[in-house]
There are 2 protein chains.
Amino acid sequence: MDSATAREQALDAAESLFYGRGIQSVGMDDIRGASGVSLKRLYQLFPAKEHLVEAYLERRDVRWRGRLAEYVERQPDPERRILAVFDWLEEWFGEADFRGCAWINSYGELGARSERVAEQVRAHKRAFRDYLASLVAGAGLPDALTGPLYLLAEGAMVTAGITGGTRPATEAREAARSLVAAR
Amino acid sequence: MDSATAREQALDAAESLFYGRGIQSVGMDDIRGASGVSLKRLYQLFPAKEHLVEAYLERRDVRWRGRLAEYVERQPDPERRILAVFDWLEEWFGEADFRGCAWINSYGELGARSERVAEQVRAHKRAFRDYLASLVAGAGLPDALTGPLYLLAEGAMVTAGITGGTRPATEAREAARSLVAAR
DNA sequence: CATGCTGGAGAACGCACGTTCTCCCCTGCT
DNA sequence: AGCAGGGGAGAACGTGCGTTCTCCAGCATG
């Protein structure tokens, strides 16, 4: 097995375990068991657990925002694109392994201890907010709409993580529709 | 020192340490050092760390909702009471030791591992949402407003926790005002 | 004074886990 | 065949920490 695929398998295992059970309750030995990559190799690829955590968050960030953008951009009407964000949230919340926002959870777990993780979370949230801002601008709507829409989306994510279910997404979409309609 | 004050001092130390640094990174020995309550006594009062964590969350829940209600009820106009919730959030976010919502953070840290903690978080959020619902009803507004207001508040809490600052509260208040105005 | 109880200080224990080390097999080269 | 090197399995090591235990000082009681 070459390095590149070992790295991918390690990250696959890390993502499913870290996201599903939390970071601190997953040991490097669990990663080895789930990935089939030996400890020796794991430590060659990631010199410490924290590096693996960062690589996990980074790869998930790219994929998460990619999936969102891909979904949203199937919608040609620029104003409806904004609401499509909430449709996508609803789909996400409904996935069987959904367990909340990985960054919010990681921040609760490690934000106070690891400045690197805290900064990755801030960067992810900044990127998401900027993306919303670009959709608002693309629809010709006032920039002041971005903040409220962002807060609705964050509230939906944290609530869906805690209580489960897709209802937070539909509530957020209706509120977003109302805000957009009110200009 | 009698049991009751030892218990209070232990909980004071637990609250400031757990909230400020996260639960898992605070050891029982740190609690002892900060509270002056010996390990032996700590374990008499709380048979395991998890009990202390639960007592911390429970006492904080009572106090947090008490402070909120006290602030809100100073406002006589029932519609303005709803906005007062966001004013109070702004004050809270501005406190020097503010580090996000204790329950959201605890959920990220322990939600996947401790069903007791997860249930306490859900109960706290349910109580907060029910309180918002009572304000909405008290103002004679449609119940459908509760969900969006709740999501705005949650989004503001999580965002203020991650990025710091009071701006999420003002953004949420403006959005709330707009939703209330639109009926 | 002797005796027994309470509670504090902190050592000790056990375990989990991040990280490193040892041993050995396998493979490819000469 | 002989051998060097990479990689796997898993033991070993060090540390942190939850929990318990030991020891002793202080104090109330006969």
Side-chain angles (χ1 to χ4, degrees), chain A residues 1-57 105-106 108-117 120, chain B residues 1-57 105-106 108-117 120:
Chain A
M1 190 199 302
D2 70 349
S3 294
T5 62
R7 189 185 159 88
E8 285 308 296
Q9 284 186 240
L11 284 173
D12 289 345
E15 177 152 11
S16 105
L17 291 174
F18 286 160
Y19 179 68
R21 290 171 23 199
I23 292 168
Q24 313 214 55
S25 73
V26 171
M28 292 298 276
D29 210 59
D30 298 322
I31 307 278
R32 178 183 62 83
S35 67
V37 176
S38 74
L39 277 182
K40 195 178 188 177
R41 208 122 188 244
L42 274 180
Y43 276 93
Q44 282 170 1
L45 295 163
F46 308 96
K49 186 182 181 182
E50 191 171 0
H51 292 244
L52 180 56
V53 172
E54 287 167 23
Y56 146 62
L57 288 176
N105 291 343
S106 301
E109 228 180 318
L110 300 172
R113 237 183 315 187
S114 164
E115 186 45 43
R116 312 274 305 256
V117 167
Q120 263 181 300
Chain B
M1 190 199 303
D2 69 349
S3 294
T5 61
R7 190 186 159 89
E8 284 309 295
Q9 283 186 242
L11 284 172
D12 289 345
E15 175 151 12
S16 107
L17 291 173
F18 286 160
Y19 179 66
R21 294 172 18 201
I23 293 169
Q24 314 214 54
S25 73
V26 171
M28 291 299 276
D29 210 59
D30 298 321
I31 306 278
R32 177 184 62 83
S35 67
V37 176
S38 73
L39 277 182
K40 197 178 188 177
R41 205 116 188 252
L42 274 180
Y43 276 93
Q44 283 169 0
L45 295 163
F46 308 96
K49 187 182 181 182
E50 191 171 359
H51 292 243
L52 180 57
V53 172
E54 287 167 23
Y56 145 63
L57 288 176
N105 291 343
S106 301
E109 229 180 317
L110 300 173
R113 236 185 313 189
S114 163
E115 186 45 44
R116 310 276 303 261
V117 168
Q120 262 181 300

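What's counted below: heavy atoms across the whole structure, side chains too, no hydrogens, waters or symmetry copies. Protein chains get the first letters and strands the later ones, always in sequence-line order, with residue 1 at the start of each.
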Over how many whole Å does the gap from [X] atom [atom1] to [N] atom [atom2] extend?
{"X": "A/R7", "N": "D/dG7", "atom1": "CZ", "atom2": "C1'", "value": "19 Å"}
{"X": "A/L39", "N": "D/dC13", "atom1": "CG", "atom2": "P", "value": "17 Å"}
{"X": "A/L42", "N": "D/dG7", "atom1": "CG", "atom2": "C1'", "value": "13 Å"}
{"X": "A/F46", "N": "C/dG18", "atom1": "CZ", "atom2": "P", "value": "15 Å"}
{"X": "B/L17", "N": "D/dC17", "atom1": "CG", "atom2": "P", "value": "13 Å"}
{"X": "B/D2", "N": "C/dG7", "atom1": "CG", "atom2": "P", "value": "11 Å"}
{"X": "A/Y43", "N": "D/dG6", "atom1": "OH", "atom2": "P", "value": "21 Å"}
{"X": "B/L45", "N": "D/dT19", "atom1": "CG", "atom2": "P", "value": "14 Å"}

- Under 4.0 angstrom, heavy atoms only, what part of the nucleic acid is A/V37 near: base, sugar-phosphate, or nothing? nothing
Donor-acceptor pair, [X] side chain versus [Y] backbone, under 3.5 Å?
{"X": "B/E54", "Y": "B/R116", "value": "no"}
{"X": "A/S114", "Y": "A/L110", "value": "no"}
{"X": "A/Q9", "Y": "A/V37", "value": "no"}

- Under the criterion side-chain contact (heavy atoms from CB on, under 4.5 Å), which of B/L57, B/N105, B/V53 is the partner of B/F18? B/V53
- Quick one: which of D/dT19, C/dT19, D/dG7 gets closest to the side chain of A/M28? C/dT19
- Does any N or O donor sit under 3.5 Å from an N or O acceptor when you compare the side chain of A/K40 with the base of D/dG8? yes
